[in-house]
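To start, the structure under review is shown below, and the notes come after it.
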Amino acid sequence: MPELPEVETIARDLHNVLSGQKVMAAEFLNTAIREDCTRFAPTVLIGNNLESVSRRGKNLIFRFQNNFAIVCHLKMTGRLIIDADLPNNKKHLHFQMQFDKSRLSFYDVRKFGRICITDLSGLEKHPRLRKLGPEPFALTSDEFVKLVKLRNKPIKLILMDQEIIAGIGNIYADESLYDAGIKPTLKPSKISRPRLIKLLESIVKVLTISINNRGTSVDDYLDGHGQKGNFQNLIKVYGKTGQPCPTCGAKIKRVVLGGRSTHYCTRCQK
DNA sequence: GACAACCTGACC
DNA sequence: GGTCAGGTTGTC
């Protein structure tokens with residue numbers, strides 16, 4: 001599902017509506033999505049105020065009074081929706097939290113998503129958070145070049161490696177590389193420093209535009225209010241196999257890299 | 001690296 | 001019936 005812009009959109013939606021509200025009830029309806037490292041039953045949250053909802057990489061972090069916290073990863077099809085209509089596919093409803101003024105529902109068709117109920121000490125050493133690389137927005141050019149050069153595998157796989165940089169997934173890797181004019185299969189040793197610096201600029205640019213458009217809804221993604229994003233209308237290459245490149249008109253090519261569909265323009269990306 | 005696994009649904 | 005899907009993890 002969601003990559004950085006989608007998770008950021010959801011985090012902001014939930015923070016705006018839910019922070020300051022008190023938890024009245026919380027329960028798993030399906031424990032398949034309960035993370036193994038969960039330390040507490042959801043009932044420990046009852047009576048606590050939600051202090052904030054934030055994002056780290058593709059993870060959502062809820063902080064409550066008394067140092068309780070939730071870490072949530074939506075994987076491919078997870079959704080967190082405020083005051084979703086109840087009749088809406090109960091079959092895929094796996095977790096629910098009732099606040100004094102709102103209800104938060106976690107849906108996931110494929111059940112890949114995970115929710116962990118923990119506390120501050122659990123947050124610090126959470127396996128999903130501890131190994132994450134830096135956020136793309138926090139990187140200087142020098143840091144980015146150094147990070148990328150640490151490994152010698154195709155640049156797209158480096159961008160998608162959460163331990164190197166956190167938050168970039170398949171869509172934004174393809175779109176950023178297109179914007180920077182870099183072929184996804186190139187290894188960093190074959191990319192000049194100026195081109196790598198341009199790549200970081202493209203990443204920041206593409207992610208920012210997508211956040212401003214509330215993310216990409218090509219399939220399942222919905223924001224915290226159950227609404228679609230708009231960035232799918234601005235996508236240049238992702239999922240556009242065989243269609244003309246918006247810049248030069250050449251057909252967009254699809255290859256498989258790291259088991260993921262990869263889309264690029266053979267003329268614009270070298 | 002490539003590949004399978006975790007799941008379900010959409011599409012050909 | 002087969003293929004594919006915004007992710008991650010574990011195994012040859």
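All of these numbers come straight from a predicted model, not from anything done at the bench. Order of the sequence lines fixes the chain letters, A, B, ..., with proteins taken first and strands second; residue numbering starts at 1 for each chain.
- With hydrogens and angles ignored, the 3.5 Å screen pairs no side-chain donor or acceptor of Asp174(A) with any backbone N or O of Tyr238(A).
- Within the nucleic acid shown, Asp108(A) has no heavy atom closer than 4.0 Å to any nucleic acid atom.
- Between Gln232(A) atom CD and dA5(C) atom C1' the separation is 15 Å, expressed in whole Å.
- Note on Asn170(A): only backbone sugar-phosphate atoms sit closer than 4.0 angstrom, heavy atoms only; bases stay farther off.
- Once you apply a 4.0 Å limit to the heavy atoms of chain A, the touched nucleotides of DNA chain B run 5' to 3' over dC6(B) to dG9(B).
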Donor-acceptor contacts, no H, no angles, side chain residues 248-259 of chain A, under 3.5 Å, sequence neighbours left out:
residue	atom	partner	partner atom	Å
Arg254(A)	NE	Ser261(A)	OG	2.8
Arg254(A)	NH2	Ser261(A)	OG	2.7

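- Every residue was checked against the side-chain hydrogen bond (donor to acceptor under 3.5 Å, both in side chains) condition with Ser176(A), not counting sequence neighbours, and none meets it.
- Here Lys75(A) does not reach the OP1 or OP2 of dT8(C): none of its side-chain N or O atoms lies under 4.0 Å away.
- Not a single donor-acceptor pair under 3.5 Å links the side chain of Glu124(A) to the backbone N or O of Ser121(A).
- Lys58(A) meets the salt bridge (charged side-chain N to carboxylate O under 4.0 Å, His left out) test with no other residue; sequence neighbours excluded.
- Look at Arg128(A) and you won't find any side-chain N or O under 4.0 angstrom from OP1 or OP2 of dG7(C).
- The structure places NE2 of His92(A) at 9.0 Å from CG of Asp108(A), a figure rounded to the nearest 0.5 Å.
- In this structure, Arg79(A) fails the cation-pi test against Tyr107(A), since its NZ or CZ atom is not both closer than 6.0 Å to the six-membered ring centre and inside 45 degrees of the ring normal.
- Not a single donor-acceptor pair under 3.5 Å links the side chain of Ser19(A) to the backbone N or O of Asn16(A).
- Across all strands, Gly259(A) comes closer than 4.0 Å to no nucleic acid atom at all (heavy-atom distances).
- The nucleotide whose nearest atom lies closest to any side-chain atom of Glu3(A) is, among dG7(C), dT8(C), dA5(C), dG7(C).
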Name the atoms and distances for all side-chain donor-acceptor pairs under 3.5 Å in residues 44-54 of chain A, with sequence neighbours left out.
residue	atom	partner	partner atom	Å
Asn48(A)	OD1	Asn66(A)	ND2	2.5
Asn48(A)	ND2	Val44(A)	O	2.9
Asn48(A)	ND2	Leu45(A)	O	3.2

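- Of the candidate nucleotides dG7(C), dC4(C), dG6(C), dC4(C) has the atom nearest to the side chain of Arg254(A).
- A syn base is found at dG6(C): its glycosidic angle is within 90° of 0.
- For dT8(C), one of the phosphate oxygens OP1 or OP2 lies less than 4.0 angstrom from a side-chain nitrogen or oxygen of His73(A).
- Nearest-nucleotide positions on DNA chain C place His263(A) closer to the 5' end than the other of Glu163(A) and His263(A).
- One finds no side-chain N or O of Tyr172(A) lying less than 4.0 angstrom from the OP1 or OP2 phosphate oxygen of dG6(C).
- Along DNA chain B, the nucleotide closest to Lys153(A) and the one closest to Phe112(A) are compared, and the more 5′ of them pairs with Lys153(A).
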A correct dot-bracket answer for DNA chain B, with pairs being Watson-Crick or G-U at under 3.5 Å, [ ] for crossing pairs and | for inter-strand pairs, is ||||||.|||||

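- Counting to the nearest Å, the C1' atom of dA5(C) and the CG atom of Leu257(A) are 17 Å from each other.
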